[in-house]
Amino acid sequence: DTGVSQDPRHKITKRGQNVTFRCDPISEHNRLYWYRQTLGQGPEFLTYFQNEAQLEKSRLLSDRFSAERPKGSFSTLEIQRTEQGDSAMYLCASSLGGPVSTDTQYFGPGTRLTVL
Amino acid sequence: AQSVTQLDSQVPVFEEAPVELRCNYSSSVSVYLFWYVQYPNQGLQLLLKYLSGSTLVESINGFEAEFNKSQTSFHLRKPSVHISDTAEYFCAVTDRDYGQNFVFGPGTRLSVLP
């Protein structure tokens, strides 16, 4: 399967711990997006990369959150000093390129984070 | 800034019945509109999108949506649903000129009953 993959699928952690999630996009895709989805809500945009450059960050992305895409391939999302409010599904998506607003995004299965 | 409203959080319907999932958006600029579907235990998949041209767009599995600018709506319809259509459906909007920030609605859970 050559779709977007995310690891781990589930993560349970204690408040105050750091967690890191990984996303592997579809291999030829230049853009990579991170979203957060809480229960009963649609995905909320967090940040997006064009190759290795992080081009936009939502105000939802506090200083405790950092994302990287060092070689323009996989990406990591780290949350430091986790809080219970960080509990959510973290979604990754990738897209091929072209005009951003019409570029079809392909989503991974998500990483479900539970902060105790 | 854009926003999306999906008034129906859950829609139960019997197999082979028609269905309409409502989506209304708010924006001060021109937008593109999308419907995504999330089947159980799977990632979101693009169902259909409106970019320009004909206001009626169709998907390969029988869904259609019509862009209505005056009513700021993009309702999703299917004349006859199948059990396999059971999923969560998300409407999304993006700014035509500055579009990487997709804004999603809260979703509608469609349950098709036998």
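Because only heavy atoms are used, hydrogens play no part in the values below, and waters and symmetry mates are left out as well, while side chains stay in. Chain naming here is simple, since letters A, B, ... match the order of the sequence lines and numbering starts at 1 in each.
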Is [Y] reachable from [X] through a run of I, L, V, M, F, W or Y residues, each pair having side-chain heavy atoms under 4.5 Å apart?
{"X": "A:L61", "Y": "A:V115", "value": "yes"}
{"X": "A:L91", "Y": "A:Y33", "value": "yes"}
{"X": "B:V31", "Y": "B:L51", "value": "no"}

Considering only heavy atoms from C-beta outward, does the side chain of [X] approach that of [Y] to under 4.5 Å?
{"X": "A:E44", "Y": "B:F104", "result": "no"}
{"X": "A:F107", "Y": "B:Y36", "result": "yes"}
{"X": "B:F90", "Y": "A:Q37", "result": "yes"}

How about CD1 on B:I60, more than 12 heavy atoms from neighbouring residues, nucleotides or ligands closer than 6.0 Å, or not? no
Before giving the answer on side-chain contact (heavy atoms from CB on, under 4.5 Å), spell out for B:L44 and A:Q105 the whole-Å C-alpha distance, their side-chain angles and the decisive distance to 0.1 Å. CA-CA 9 Å; B:L44 282 90; A:Q105 298 183 27; over 6 Å; no
Ring pair (Phe, Tyr, Trp, His ring centres under 6.0 Å) involving A:H29 - partner list, sequence neighbours excluded: A:Y106
Given that the side chain runs from C-beta out, which part of B:E88 has a heavy atom under 4.5 Å from chain A: side chain, backbone, both or neither? neither
